[in-house]
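Worksheet: the structure to be examined is printed underneath.
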Number of protein chains: 2
Amino acid sequence: MPEQPVRAKLVDVAHAAGVSKATVSKVLNGRQDISVRPETRRRVHEAAEALGYRPHSGARALAGASTHALALLIPALANPTYVTIARGAYQRARELGYLSLLAEDFDGQEADESFHDLVQEGRVDGLLIASARPGHPLLDALSRSAIPHVFLNRSVEGSGRNITMDVARSSVTALDHLHGLGHRVVGHIAGPPGITPSEVRKEAFLRHAGTLGLDAAPVASGDFTEDGGGSAARALLRPADGDGRPPVTALYTSSLAQAIGAMAAIRDLGLRIPEDVSVVGNDDLPVAAHLHPPLTTVAMPLHELGTAAVDALVATIDGKPAGDVVVPTEPRLMLRGSTARPARPGETP
Amino acid sequence: MPEQPVRAKLVDVAHAAGVSKATVSKVLNGRQDISVRPETRRRVHEAAEALGYRPHSGARALAGASTHALALLIPALANPTYVTIARGAYQRARELGYLSLLAEDFDGQEADESFHDLVQEGRVDGLLIASARPGHPLLDALSRSAIPHVFLNRSVEGSGRNITMDVARSSVTALDHLHGLGHRVVGHIAGPPGITPSEVRKEAFLRHAGTLGLDAAPVASGDFTEDGGGSAARALLRPADGDGRPPVTALYTSSLAQAIGAMAAIRDLGLRIPEDVSVVGNDDLPVAAHLHPPLTTVAMPLHELGTAAVDALVATIDGKPAGDVVVPTEPRLMLRGSTARPARPGETP
DNA sequence: GCGACCGAGGAAACCGGTTGACTGAAGCTT
DNA sequence: AAGCTTCAGTCAACCGGTTTCCTCGGTCGC
């Protein structure tokens, strides 16, 4: 019989090691408030190992200890950016001995439910919230409660528990690249209004456009989806004067999906990429390299954002004071075929 | 004070309703083994509502009842196909009063861990497994245990608990389309060997190619990623004779990402889509419509697969016998720009 | 030599539900 | 009128850990 079919319980381990439940519990949890002989300690660990002991999470949670589980609320599972963040968080949580639950928060509709289900029911010790938005029903409830939580990617002003990336620098990186190629009119496709990283990116874009002395820097907003990017691109490409030439020579988008949608829109208008319009997307994901043309992107430390957020949340759970964190890694430009020098008026070959 | 900060417990509800804990528990769980006056029942419900009572999941699990949570193991979070399935499952689980936890199973490396963490620790009532593979460590453990579980998408032969789609028909649908356009040499990019839906798709492809009397139907395997599709495409497009013309006029891929990689490979070889090579992908996801050219796909009932799997798992948890299920919806062809009539030898305009 | 102290570990009371056995009152039989 | 059901609900023993307060034997200080 290769495996015992029944769960080993704490009392089984205690019996096997010849000690009491209390001792086993303290030894296995590494508590300092008791002195145990090394010999006894060893016996306990061996017995637990031999029996394949796993504490019952419910019993543990019930007895007042932690559940060793976290919940991660992300706005859209379909968005690979969030999924990448989630993977980072998941992995780090495991390393720290936590289980992390992934929950999709359909724009707050279920957030209140999730909140109850997860925390009130004692299923998790803390919340990682990537779906914050002004007016989100969860925010109120959280600010009144003592539940450990951090906001990642989308920050909440004044919360003092925001884990973010240096998104302003991503705009600078993208703009520097386009400016260096000779572009003087660059459009930006931002995310929906009110979403912090998107706002920051937009403001940094406008500020840096001013610093560089661009001729114009129009902005349009849209969802983080292909369709959102497509609509915004069409708005930015609508010829202002009568010459039929698009008013911008390059587009910088807030998400990869928007870039894909924008590229489709550009072609629908009969324009070429990058000859007529250059495109730079945000967040480097595998698909970018396989698009036609391959998309130049600004790679952000998504994975690190996830791990940093878990670190911060666990620290909070352990009673350390919260604080805003900016993930240190810098944005990197992934140079591919979707950007080139602009064809200036009169320079048509 | 808009909200009471402390959790209401069962005794609180009992006290408020003027009954005992036992009565509250039975009423709220809708148990039949007790008779309660409608009036009392109403009082209990009202008290629970007024206090915002939420049962503590740990206590509940400990007391032998169900945790009302399921775990969904998927092979890769980065693959939108699985994510779509997961969303279906998640949603249906909620409707049935279950919480569904999403866990990424990195090819079995963590599966044994996940298994312990989730089931042994009493966190979930059952497992939805989309990451089955021959030799997967979890399969052994599961077949020996009594833990409710179902396999979805990737089936396990003889398990009697497979929830699948009619993937054979997706191959037929794709081939019929290409054959109807006049293609006589069609290549298939399959998934990694041993993965059931991929094997079924491949066999159906070969069988139907025979039925239609195609001149040739070569197959190459690759991961479900862009790179996997790219490599496989290069293998299938290598000119066999010396005329430089690719041996196939159309490709049918096992995943959308493979199709994207294949399209990039086709262009790298200096060929045009669809003029030189037509491409049909599997699974219709939003990005398909925004590719260049827009990708013709076979849409599969991914969402329904998720919901059906949850239904089956919950039925198993409720003690009903398991059984294989094939989700009824038929594959639908999403006709876009990546397929066209082949340019036959000598017919070059 | 005697109490104080310390190291090593144990007993038992919780945590918040669930559940089967049980009870008191009312209704039905004969 | 006594006995038997049925109704409506209660009691208390769990579930499997954690934690607080003890105990017990030996050392140490004086």
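In what follows, chains are A, B, ... by sequence order, proteins preceding strands, each numbered from 1.
At least one donor-acceptor pair closer than 3.5 Å links the side chain of A:Ser57 to the backbone N or O of B:Glu121. Not one N or O on the side chain of B:Asn162 forms a donor-acceptor pair closer than 3.5 Å with the backbone of B:Asp324.
Judged by closest nucleotide on DNA chain D, B:Lys26 is the one of B:Ala63 and B:Lys26 placed further toward the 5' end. Both A:Val19 and B:Val11 lie close to DNA chain C; mapped to their nearest nucleotides by heavy-atom distance, the more 5′-ward contact belongs to A:Val19.
A 4.0 Å heavy-atom criterion places the boundary nucleotides of DNA chain C facing chain A at C:dG7 to C:dG16, written 5' to 3'.
Residue pairs that meet the salt bridge (Lys or Arg N to Asp or Glu O under 4.0 Å) test with at least one member in residues 60-80 of chain B, sequence neighbours left out, do not exist here. Among residue pairs with one or both ends in residues 14-34 of chain B, those qualifying as salt bridge (Lys or Arg N to Asp or Glu O under 4.0 Å) are B:Arg31-B:Asp33; sequence neighbours excluded.
The 12-atom threshold is not exceeded at NE2 of A:His15, counting heavy atoms of other residues, nucleotides or ligands nearer than 6.0 Å.
For B:Asp318, the salt bridge (charged side-chain N to carboxylate O under 4.0 Å, His left out) test picks out no residue, with sequence neighbours left out. In this structure B:Ser66 satisfies the side chain to side chain donor-acceptor pair (under 3.5 Å) test together with B:His68, B:Asp125, sequence neighbours excluded. For A:Arg87, the salt bridge (charged side-chain N to carboxylate O under 4.0 Å, His left out) criterion is met by B:Glu104, not counting sequence neighbours. Remark: B:Thr84 engages no residue in a side chain to side chain donor-acceptor pair (under 3.5 Å) (not counting sequence neighbours). Partners of B:Glu39 by salt bridge (charged side-chain N to carboxylate O under 4.0 Å, His left out), not counting sequence neighbours, listed by chain and number: B:Arg42, B:Arg43. For A:Asp311, the salt bridge (charged side-chain N to carboxylate O under 4.0 Å, His left out) partners are A:Arg92, not counting sequence neighbours.
Contact annotation: the side chain of B:Val27 never approaches that of B:Thr40 to less than 4.5 Å [non-hydrogen atoms, C-beta and beyond].
The separation between A:Leu10 atom CG and D:dT18 atom P is 6 Å, rounded to whole Å. Rounded to whole Å, atom P of D:dT18 lies 11 Å from atom CG of A:Leu62. Between the CG atom of A:Leu51 and the P atom of D:dG17 there is a distance of 12 Å, rounded to whole Å.
Applying the 4.0 Å criterion to OP1 and OP2 of D:dG17, one finds that A:Ser25 has every side-chain N and O outside that range.
In plain terms, the two heavy atoms of A:Asp12 and A:Arg7 that are nearest each other are OD2-O, 4.0 Å.
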Kindly give the atom pairs (protein nitrogen or oxygen, nucleotide nitrogen or oxygen) under 3.5 Å for nucleotides 25-29 of chain D.
none

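In the helix from C:dG1-D:dC30 to C:dT30-D:dA1, the end axes, each obtained as the rotation axis mapping the C1' atoms of four pairs onto the next four within a five-pair block, lie 50° apart to the nearest 10 degrees.
The stretch residues 29-48 of chain B comes close to DNA chain C through B:Asn29, B:Arg31, each having a heavy atom under 4.0 Å from the strand.
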